[in-house]
Amino acid sequence: MARTNTSKLHIAMFPWFATGHMTPFLHLSNELAKRGHRITYFLPKKAQLQLQHLNRYPHLITFHIVTVPQVDGLPPGTETASEIHISLNNLLVIATDQIRDQVELALSATKPDFVFYDSAHWIPESAKKFGIKTICYNVVCAASLAIALVPARNLPKYRPITEEELSQSPLGYPSTKVVLRGPQARSLLFISLPWGEGSTFYERITTALKESDAIAIRTTKEIEGSFCDYVASQYEKPVLLTGPVLPEEADGKLEERWANWLDGFEPGAVVFCAFGSQINLEKEQFQELLLGFELSGFPFLVSLKAPNGCETVEEGLPEGFEERVKGRGMVSRGWVQQPLILKHESVGCFVNHCGFGSMWESLMSDKQIVLVPFLGDQILNTKLLVEELEVAVEVERGENGWVSKESLCKAIKLVMDEGSDVGATLKKNHTKWKETKGSPKLMNGYIDRFIQDLQELPK
């Protein structure tokens with residue numbers, strides 16, 4: 001018996017505890033609550049403090065706090081991926097797996113209609129005890145699932161990453177030159193990393209996908225329809241699309257210090273850079289990027305984590321840098337309100353790592369786009385924006401994967417200089433895409449169809 005399309009749902013959300021996963025899960029929660037559906041959202045206390053201002057429907061979206069246990073090797077008190085170096089993620093996975101009893105207790109008490117999850121491959125087994133359906137909700141591109149995370153028989157056996165390969169990466173972690181092997185990126189080495197007790201990332205995520213009642217992806221058929229169809233055929237189950245699920249209006253008000261600083265520049269003059277919550281650069285690469293922004297001559301606002309080996313951002317700055325760029329260049333000492341900064345009229349260019357969230361924020365903005373991908377899915381997202389949609393440029397890398405100050409400067413000037421044919425073409429393509437395939441009406445239609453598809457799934 002299928003649910004009627006007028007019934008209201010109760011949905012539990014259990015995302016991987018990283019900002020780039022929790023935030024889109026909450027954006028989707030808001031869209032569901034906007035239409036009258038009830039949400040129980042599992043997250044640790046620190047994440048609640050970080051995300052509660054984004055909860056637009058607190059009478060329908062309930063945060064259920066879970067306690068993340070201590071695991072050997074994980075810094076005491078760690079609850080989210082943004083607090084640790086990316087190489088420690090496996091330990092946080094082990095810790096979150098130990099939350100299972102807490103989640104099952106809550107599910108048994110609240111009996112939601114569905115549980116949405118991403119990397120917690122044990123959720124389907126837990127949910128079935130209480131007759132609850134499960135949706136594996138993926139906030140990465142469909143291309144990355146189709147290329148690297150399908151159970152096709154012709155996929156090679158994944159091998160462990162060697163210490164030599166790790167040492168070659170500018171991140172101290174698999175990046176551009178290390179992650180990709182072959183034209184179709186079939187052997188994305190990232191997926192052979194340990195991810196929880198006794199499993200690799202590949203094994204865990206493919207299990208999460210296989211065991212679900214349906215797969216959901218944060219994308220559109222206009223951009224990734226063929227990849228979505230392929231995933232559906234490989235896993236032999238429904239694939240439901242939510243669209244990008246970004247708020248039409250950014251939440252909150254831009255901090256006064258950033259608003260005042262940005263107000264001091266002409267419209268479209270400032271270059272804004274952010275690489276998300278998990279990219280940890282080596283100090284030399286961190287400094288080279290900052291020197292590239294300085295070399296460009298444009299005013300800039302940069303938000304990056306302190307580089308490896310440095311306790312603070314200040315410790316990693318190039319010698320004399322702050323004095324030389326005083327008045328036209330700022331480096332954030334912490335988290336910034338990325339959506340609100342992108343809304344500011346003085347920002348004309350967004351330099352980012354092309355994580356899927358930043359990819360969509362780039363597309364839905366009116367800013368020029370410069371991309372510096374580091375990890376496997378970011379590389380695939382970059383190819384989509386640069387080669388398929390032709391709305392962005394990618395910064396060229398040297399033979400060792402290094403991004404030089406000259407190559408970053410060149411890419412920025414290519415999109416920002418007045419009279420640049422490349423910049424004009426990209427802006428034209430971007431504007432056309434937003435008016436057609438990125439219209440608010442189309443995006444809202446995705447959510448409405450998604451809910452209808454959920455309600456029509458067999459009980």
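For the numbers below, each heavy atom of this structure counts, side chains included, while hydrogens, waters and symmetry mates do not. This is a predicted model, so every value here is computed, not measured.
- Under the 4.5 Å side-chain criterion, counting only non-hydrogen atoms from C-beta, Leu241 is in contact with Lys221.
- Using a distance-only test at 3.5 Å, with no hydrogens or angles considered, a donor-acceptor pair links the side chain of Glu83 to the main chain of Thr80.
- The one candidate from Leu9, Leu457, Ile11, Leu454 that meets the side-chain contact (heavy atoms from CB on, under 4.5 Å) condition with Asp113 is Leu9.
- Using a 4.5 Å heavy-atom cutoff, the side chains of Met22 and Phe42 are not in contact.
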* ring-ring contact (aromatic ring centres under 6.0 Å, His included) between Phe25 and Trp16, intermediate numbers included -> CA-CA 10 Å; Phe25 266 72; Trp16 164 235; over 10 Å; no
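- The closest donor-acceptor contact from the side chain of Glu315 to the backbone of Cys310 lies at 3.5 Å or more, if one exists at all.
- Between Trp195 and Asn89, the closest side-chain pair of non-hydrogen atoms falls below 4.5 Å.
- Looking only at side-chain heavy atoms (C-beta outward), Thr382 and Val372 stay at 4.5 Å or farther from each other.
- How far CG of Asp377 is from CG of Leu145: 9.5 Å, rounded to the nearest 0.5 Å.
- Look at Arg328 and Glu294 and you find no salt bridge, because none of the NZ, NE, NH1 or NH2 atoms lies under 4.0 Å from a carboxylate O.
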* Apply side-chain contact (heavy atoms from CB on, under 4.5 Å) to the pair Thr40 and Met13, showing each step before the final yes or no. => CA-CA 6 Å; Thr40 298; Met13 299 278 181; over 6 Å; no
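- Listed for the Glu282 side chain is no donor-acceptor partner under 3.5 Å among the backbone atoms of Pro307.
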* Tell me, with the steps shown, if Asn138 and Arg218 meet side-chain contact (heavy atoms from CB on, under 4.5 Å). => CA-CA 6 Å; Asn138 298 271; Arg218 182 195 183 192; over 6 Å; no
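- Formation of a donor-acceptor pair under 3.5 Å by the Arg56 side chain with backbone atoms of Lys34 is not found in this model.
- Judged by distance alone, with hydrogens and angles left aside, the side-chain atoms of Gln337 form a donor-acceptor pair with the main-chain N or O of Lys253 at under 3.5 Å.
- Here Asp118 pairs with His21 under the side chain to side chain donor-acceptor pair (under 3.5 Å) rule; sequence neighbours left out.
- When every heavy atom of Phe298 is checked against every heavy atom of Phe300, the shortest pair comes out as O-CD2, 3.4 Å.
- Taking every heavy atom of both residues into account, Leu290 and Phe321 meet most closely at O-CE1, 3.5 Å.
- A distance-only check finds a donor-acceptor pair linking the side chain of Gln368 to the backbone of Val415 [under 3.5 Å].
- Just one of Ser362, Pro373, Ser144, Cys141 meets the side-chain contact (heavy atoms from CB on, under 4.5 Å) condition when paired with Asn381; it is Cys141.
- Shown here are the side chain to side chain contact (heavy atoms under 4.5 Å, CB included) partners of Ala208, two or more places apart in sequence or in another chain: Tyr117, His121, Cys136.
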* **Residues Gln52, Leu26; criterion side-chain contact (heavy atoms from CB on, under 4.5 Å); working and verdict** => CA-CA 9 Å; Gln52 60 190 4; Leu26 185 52; over 6 Å; no
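- Remark: Glu322 engages Arg333 in a side chain to side chain donor-acceptor pair (under 3.5 Å) (not counting sequence neighbours).
- Every side chain to side chain donor-acceptor pair (under 3.5 Å) that Ser358 has, sequence neighbours left out, goes to Gln338.
- A donor-acceptor distance shorter than 3.5 angstrom exists from the side chain of Lys367 to the backbone of Leu342, with no hydrogens or angles considered.
- Summarising the local packing, NZ of Lys410 is surrounded by 12 or fewer heavy atoms from other residues, nucleotides or ligands at distances under 6.0 Å.
- Every residue two or more places apart in sequence or in another chain that forms a side chain to side chain contact (heavy atoms under 4.5 Å, CB included) with Gln287 is listed here: Lys283, Pro318.
- Closest non-hydrogen pair, Asp97 versus Gly196, comes out as OD2-CA, 4.3 Å.
- With sequence neighbours left out, Thr200 forms a side chain to side chain contact (heavy atoms under 4.5 Å, CB included) with Tyr202, Glu203.
- Residues Ile217 and Val140 approach most closely at CG2-O, 3.8 Å, considering heavy atoms.
- Around NZ of Lys326, the count of heavy atoms belonging to other residues, nucleotides or ligands within 6.0 Å does not exceed 12.
- Side chain of Thr110 to backbone of Ala106: a donor-acceptor contact under 3.5 angstrom is found.
- Heavy atoms of other residues, nucleotides or ligands lying less than 6.0 angstrom from NZ of Lys237 number more than 12.
- Not counting sequence neighbours, Trp258 has no partner by the ring-ring contact (aromatic ring centres under 6.0 Å, His included) test.
- Crowding of Glu396 atom CD: a count of heavy atoms from other residues, nucleotides or ligands under 6.0 Å not exceeding 12.
- Applying the salt bridge (Lys or Arg N to Asp or Glu O under 4.0 Å) criterion to Asp453, with sequence neighbours excluded, gives no partner residue.
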Determine all donor-acceptor pairs shorter than 3.5 Å in which one atom belongs to a side chain in residues 59-77; sequence neighbours excluded.
from: Gln70; atom 1: NE2; to: Leu74; atom 2: O; distance (Å): 2.7

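- Taking the side chain as every heavy atom from C-beta outward, Phe350 and Ile341 never approach each other to under 4.5 Å.
- For Gln48, the side chain to side chain donor-acceptor pair (under 3.5 Å) criterion is met by Lys45, not counting sequence neighbours.
- Annotation: cation-pi pair Arg397/Phe374 present, NZ/CZ under 6.0 Å from the ring centroid and within 45° of its normal.
- Side-chain atoms of Thr242 and Tyr446, non-hydrogen and from C-beta on, never get closer than 4.5 Å to each other.
- Contacts of Ala127 classified as side chain to side chain contact (heavy atoms under 4.5 Å, CB included), with partners at least two apart in sequence or in another chain: Val115, Ile132, Thr134.
- Rounding to the nearest 0.5 angstrom, the gap separating the CD1 atom in Ile39 from the CZ atom in Phe114 is 11.5 Å.
- Legend: residues meeting salt bridge (Lys or Arg N to Asp or Glu O under 4.0 Å) with Glu125, ordered by chain and number and at least two apart, are Arg100.
- Here the closest heavy-atom approach between residue Ile215 and residue Ser212 is recorded as CG1-OG, 3.8 Å.
- Residues Val270 and Trp261 share a closest heavy-atom pair of CG1-CZ3, 4.3 Å.
- A 6.0 Å sphere centred on CZ of Arg38 holds no more than 12 heavy atoms belonging to other residues, nucleotides or ligands.
- Listed for the His27 side chain is no donor-acceptor partner under 3.5 Å among the backbone atoms of Leu246.
- A distance of 14.0 Å separates OG1 in Thr207 from CD1 in Ile123, rounded to the nearest 0.5 Å.
- Looking only at side-chain heavy atoms (C-beta outward), Phe293 and Cys273 come within less than 4.5 Å of each other.
- Side-chain atoms of Leu304 and Val313, non-hydrogen and from C-beta on, never get closer than 4.5 Å to each other.
- The pair Lys383-Glu388 does not count as a salt bridge, with every side-chain nitrogen at least 4.0 angstrom from each carboxylate oxygen.
- A distance-only check finds a donor-acceptor pair linking the side chain of Lys305 to the backbone of Ser82 [under 3.5 Å].
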